[in-house]
Undergrad: 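Following this message is one structure expressed as structure tokens.
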Amino acid sequence: MDTLTSNHLARAKELAPTFAKRAAHWDKSRTYCWSNVRDLADAGLMGMTLPTEYGGAGCSWNEAVLVVEEIAKVCALTARVLVEANMGGISAVMAYGSPAQKALCAPLVLAGDKPAICITEPEAGSAATEMQTTARKQGSRYILNGTKHWITGGGVSRIHLIFARVLDERGIDQGIAGFIVICDPTNGQYPDGFKVVGRERTMGLCGMPEAALEFTNLEVDTSHVLIPPGGFRRGFAELMTAYNSQRVGAGTIAIGVAAGALEHAKRYLLERQQFGRPLGEFQGLQWMLADMDAGVHASRLMLHEAARTAQPFPDMTMAARAKMFASETAIKVVNDALQMFGARGYGDQEPLERMYRDVRMFTIGGGTAQILRNQIASSLLGIKAPQTRTGYLESAPAMAAQ
Ligand SMILES: CC(C)(COP(=O)(O)OP(=O)(O)OC[C@H]1O[C@@H](n2cnc3c(N)ncnc32)[C@H](O)[C@@H]1OP(=O)(O)O)[C@@H](O)C(=O)NCCC(=O)NCCSC(=O)CCS(=O)O
Ligand SMILES: Cc1cc2nc3c(=O)[nH]c(=O)nc-3n(C[C@H](O)[C@H](O)[C@H](O)COP(=O)(O)OP(=O)(O)OC[C@H]3O[C@@H](n4cnc5c(N)ncnc54)[C@H](O)[C@@H]3O)c2cc1C
């Protein structure tokens, strides 16, 4: 491990005990972890992957995931902040943005903003390419109309990267691009036409607002349009290429929660006695523990492989495989850890019940486990795997030509 990584990791390890103490508070009060965000910013962990010329530390994905896992062991909510402040939307801006876009966004993240990535719509979840939010060109502006929902950070985030279908002045579809919109929620300031319309009441990760956003004739200057190198036509694919970093981040949070649960389980197996001996002497639990450890270890290897081979973003298939495997494994590991605590695991004296609720989301958000399997199978077979009824018919000529 180089000095840069060990410095960032050391700072994460220093913060972890404080974050562990505060985790139940964010969960029970359903409040955003502002004090943790300040600590992360002071420690240089917000925006650590940003290039040094924009004030970041230029950390690699591989360095960042080590930090994310360390924080996720104690507070999944804070780890989600860390992921979105280093991966996903902000990484797309840093890779594809104009110098002015980078100079606009980087300082906000370094000062503590967790950007929001706005893809999902009520009628376009897994089928994200069916998004209906439009951005119609009008002179030097784009006019956005549409609704996004389940937007992490809606109501606390400043930077919003909104995916929308680009229409030219005549209304002709050009493809998909990202639109950078800056808000100031703590001062209640949103651009005209931008509305936070509701917050979901979630099962876990309760301190994080998941909000619906409505855009009504929201004006975005052309200078705030994030156009990947392939232009609007390749816009979706290239924005999703950047998003693969967030998939690796999400998988890492899941496995961090599992690794944290495993630590609690090891402690309790040596501490709790039944039948006159520690639980850890029962082979039924020893084997469970060994399987939990193997699952965490295998997931970590897949995540690190995906992070390591990034050029500049993690490979789509490796990211999908790692997130799919890590998220499913983590749910099982945390469930098994809770089981080892008996009734105590089901109550809130221990953090297991919160960890169980928190980890559940990772097979859903960021591409469901089923969608990721579709992507993996398509890549293994070297074929398109369209999911619409007419998809195979439409792609048949191209496939036949392969
Ligand atoms: C991609 C899907 C939306 C399926 O839609 P389609 O069947 O219409 O699209 P495809 O033909 O599969 O894809 C079009 C084009 O894009 C390329 N692509 C797609 N995904 C990726 C990717 N991850 N990396 C790189 N490139 C990608 C694909 O190869 C096609 O390119 P070609 O034309 O072949 O060259 C669907 O599969 C999907 O991914 N749905 C999930 C949507 C999703 O992940 N939403 C996340 C929202 S943000 C969030 O949840 C945050 C949670 S968290 O806190 O992290
Ligand atoms: C906590 C949380 C945070 C989120 N944060 C964000 C965010 O910040 N930004 C954002 O844009 N979105 C966010 N999302 C939304 C997330 O990306 C979507 O929930 C996800 O893409 C799935 O869409 P859906 O919920 O509409 O499910 P649907 O697409 O309706 O799917 C329902 C079920 O059907 C399955 N399914 C659908 N299609 C297929 C298929 N072709 N083959 C097999 N199974 C299929 C799915 O796997 C799932 O089990 C978040 C979600 C959650 C839970």
Side-chain angles (χ1 to χ4, degrees), residues 68 76-77 79-85 87-89 92 114-131 133 147-154 156-157 160-163 175-176 178 199-213 228 230 233-254 306 313-321 323-324 327 357-379 382-392 394-395 398-399:
V68 169
L77 168 70
R80 289 191 74 206
V81 173
L82 209 43
V83 165
E84 289 211 286
M87 297 155 168
K114 178 212 79 64
I117 188 157
C118 312
I119 304 174
T120 308
E121 300 182 0
E123 302 308 324
S126 296
T129 49
E130 291 174 9
M131 68 180 65
T133 295
T147 302
K148 300 283 176 182
H149 74 166
W150 284 94
I151 302 308
T152 299
V156 296
S157 293
H160 292 74
L161 181 64
I162 304 170
F163 284 41
I176 286 172
R199 177 174 175 172
E200 303 288 342
R201 196 172 167 84
T202 56
M203 167 184 179
L205 297 158
C206 299
M208 183 64 85
E210 300 296 342
L213 308 178
R233 289 276 164 235
R234 296 293 305 154
F236 179 78
E238 291 183 3
L239 289 169
M240 289 306 281
T241 299
Y243 184 71
N244 291 330
S245 61
Q246 187 157 329
R247 285 191 173 158
V248 171
T252 302
I253 304 173
F313 293 108
D315 169 76
M316 174 175 86
T317 310
M318 284 187 192
R321 179 168 56 207
K323 180 181 178 272
M324 179 269 287
S327 57
R357 289 183 285 107
D358 286 351
V359 83
R360 184 61 189 85
M361 95 85 158
F362 291 96
T363 56
I364 303 172
T368 67
Q370 291 72 37
I371 289 301
L372 299 179
R373 280 187 169 81
N374 291 344
Q375 289 195 331
I376 296 163
S378 160
S379 147
I383 59 170
K384 293 284 279 178
Q387 301 295 305
T388 55
R389 288 215 174 120
T390 53
Y392 278 98
E394 283 160 7
S395 61
M399 280 166 67

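We count ligands from 1, going down the list as the structure has it; atoms in each ligand are counted the same way. Since we're looking at a predicted model, the values are computed, not measured.
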Undergrad: Is there a donor-acceptor pair closer than 3.5 Å between any side-chain N or O of Ser378 and the backbone N or O of Asn374?
TA: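 Checked: no pair found.
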
Undergrad: Which residue and non-hydrogen atom of the protein lie closest to atom 43 (C) of ligand 2, and at what distance in Å?
TA: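 Nearest neighbour among protein heavy atoms for atom 43 (C) of ligand 2, to 0.1 Å: Gln370 CB, 3.8 Å.
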
Undergrad: Closer than 3.5 angstrom, by distance alone: can the side chain of Ser327 be matched with the main-chain N or O of Met324 as a donor-acceptor pair?
TA: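 Between the backbone of Met324 and the side chain of Ser327 there is a qualifying donor-acceptor contact (under 3.5 Å).
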
Undergrad: For residues Leu372 and Ala320, report the shortest heavy-atom separation together with the two atoms involved.
TA: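 Answer, listing the atom of Leu372 first, then Ala320: CD1-O, 3.8 Å.
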
Undergrad: With a heavy-atom distance limit of 4.0 Å, tell me whether Asn374 approaches ligand 2 through its side chain, its backbone, both, or neither.
TA: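 The part of Asn374 near ligand 2 is the side chain, not the backbone.
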
Undergrad: Do me a favour and list the nearest non-hydrogen protein atom to atom 5 (N) of ligand 2 with residue, atom name and distance?
TA: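 Closest protein heavy atom to atom 5 (N) of ligand 2: Thr152 OG1, 2.7 Å.
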
Undergrad: Would you say Lys323's side chain and Asn244's backbone share a donor-acceptor pair under 3.5 angstrom?
TA: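 Absent.
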
Undergrad: Of all the atoms in ligand 2, which lie at a distance below 4.0 Å from a heavy atom belonging to Gly366?
TA: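 Close to Gly366: 17 (O).
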
Undergrad: Could you check which of Thr368, Thr388, Leu372, Ile151 puts a non-hydrogen atom nearest to atom 48 (C) of ligand 2?
TA: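 Selected option, by shortest heavy-atom distance: Thr368.
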
Undergrad: Decide whether the shortest distance between a heavy atom of Arg80 and an atom of ligand 2 is less than 4.0 Å.
TA: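 Judged by the 4.0 Å heavy-atom criterion, Arg80 does count as contacting ligand 2.
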
Undergrad: Is a side-chain N or O of Asp358 found less than 3.5 angstrom from the main chain of Leu205, in a donor-acceptor match?
TA: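 Flag set: sc Asp358 to bb Leu205 pair under 3.5 Å.
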
Undergrad: For atom 35 (C) of ligand 2, is the nearest protein heavy atom closer than 4.0 Å?
TA: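 Within 4.0 Å of atom 35 (C) of ligand 2, no protein heavy atoms are found.
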
Undergrad: Would you say the side chain of Arg247 lies within less than 4.5 Å of the side chain of Met240, judging by non-hydrogen atoms?
TA: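 Of all side-chain heavy-atom pairs linking Arg247 with Met240, at least one is under 4.5 Å.
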
Undergrad: At under 4.0 Å between heavy atoms, which part of Lys148 makes contact with ligand 2: side chain, backbone, both or neither?
TA: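 Contact part for Lys148 vs ligand 2: neither.
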
Undergrad: Closest non-hydrogen protein atom to atom 41 (N) of ligand 2, residue and atom name please, with distance?
TA: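 Atom 41 (N) of ligand 2 sits closest to the protein heavy atom Gln387 OE1, 2.9 Å.
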
Undergrad: Does the Arg357 side chain pair with the main chain of Met203, one donor and one acceptor, at a distance under 3.5 Å?
TA: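 Checked: pair present.
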
Undergrad: Would you confirm whether Lys114, through its side chain, and Ala85, through its main-chain N or O, come within 3.5 Å as a donor-acceptor pair?
TA: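 Not at all, since once roles are kept as given, no pair shorter than 3.5 Å links the two residues.
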
Undergrad: Closer than 4.0 Å and a protein heavy atom, does any atom meet both conditions relative to atom 13 (C) of ligand 2?
TA: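 Yes.
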
Undergrad: Any protein heavy atom at under 4.0 Å, with atom 30 (O) of ligand 2 as the reference point?
TA: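 So atom 30 (O) of ligand 2 lacks protein heavy-atom neighbours under 4.0 Å.
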
Undergrad: Backbone or side chain, does any N or O of Ile119 fall under 3.5 Å from an N or O of ligand 2?
TA: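 Indeed, backbone or side chain, Ile119 has an N or O that close.
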
Undergrad: Give me the nearest non-hydrogen protein atom to atom 9 (N) of ligand 2 as residue plus atom name, then the distance to 0.1 Å.
TA: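 Going atom by atom, the protein heavy atom closest to atom 9 (N) of ligand 2 ends up being Ile117 O, 2.8 Å.
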
Undergrad: What's the shortest distance from atom 52 (C) of ligand 2 to any protein heavy atom, and which residue and atom give it?
TA: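 That would be Trp150 CE3, 3.7 Å.
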
Undergrad: Write down the atom of Leu239, the atom of Ala92, and the distance for their closest heavy-atom approach.
TA: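 That would be CD2-CB, 4.3 Å.
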
Undergrad: Does the side chain of Pro115 come within less than 4.5 Å of Leu161's, by heavy atoms?
TA: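 No, side chains not in contact.
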
Undergrad: How close does the nearest protein non-hydrogen atom get to atom 51 (C) of ligand 2, and which residue and atom is it?
TA: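 Here the closest protein heavy atom is Gly365 CA, 3.9 Å.
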
Undergrad: So which of Met131, Glu121, Glu210, Gln246 gets nearest to atom 3 (C) of ligand 2, if we judge by its closest heavy atom?
TA: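 Looking at heavy atoms only, Glu210 sits closest to atom 3 (C) of ligand 2.
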
Undergrad: Checking the side chain of Thr363 only, and the main-chain atoms of Thr368 only, is there a donor and an acceptor separated by less than 3.5 Å?
TA: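 A pair under 3.5 Å: no.
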
Undergrad: Which of the listed options, Ala369, Gly125, Gly153, Ser126, holds the heavy atom that is closest to atom 28 (P) of ligand 2?
TA: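 It is Ser126 whose heavy atom sits nearest to atom 28 (P) of ligand 2.
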
Undergrad: Is any side-chain heavy atom of Glu123 closer than 4.5 Å to one of Glu130?
TA: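 In short, these two side chains do not touch, never coming nearer than 4.5 Å.
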
Undergrad: Is atom 25 (O) of ligand 2 touching the protein, meaning some protein heavy atom lies under 4.0 Å away?
TA: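 So far as the 4.0 Å threshold goes, atom 25 (O) of ligand 2 is out of reach of every protein heavy atom.
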
Undergrad: Is the backbone of Ala237 close enough, under 3.5 Å, to the side chain of Thr241 for a donor and an acceptor to pair up by distance?
TA: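 The answer is yes, because a donor-acceptor pair under 3.5 Å joins these two groups.
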
Undergrad: Taking side chain as C-beta onward, heavy atoms only, is Ser245 less than 4.5 Å from Pro314?
TA: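 Ser245 vs Pro314: side chains touch.
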
Undergrad: Among Ile371, Asp358, Ile162, Thr120, which one has a heavy atom closest to atom 18 (C) of ligand 2?
TA: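 Looking at heavy atoms only, Thr120 sits closest to atom 18 (C) of ligand 2.
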
Undergrad: Tell me, yes or no, whether the heavy-atom count around Glu200 atom CD, taken from other residues, nucleotides or ligands under 6.0 Å, exceeds 12.
TA: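 Count over threshold, so yes.
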
Undergrad: What closest approach, in Å, do Val248 and Ala306 show between heavy atoms, and which atom pair accounts for it?
TA: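 Result for this residue pair: CG2-CB, 3.8 Å.
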
Undergrad: Among protein heavy atoms, which sits nearest to atom 19 (O) of ligand 2, and what does the distance come to when rounded to 0.1 Å?
TA: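 Result: Ile364 CG2, 3.9 Å.
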
Undergrad: Heavy-atom cut-off of under 4.0 Å around ligand 1: list whichever protein residues fall inside it, by chain and number.
TA: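 Lining ligand 1: Arg80, Ile119, Thr120, Ser126, Ala128, Thr129, Arg234, Phe236, Ala237, Met240, Thr241, Tyr243, Asn244, Gln246, Arg247, Met316, Met361, Gly365, Gly366, Gly367, Ile371, Gln375, Lys384.
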
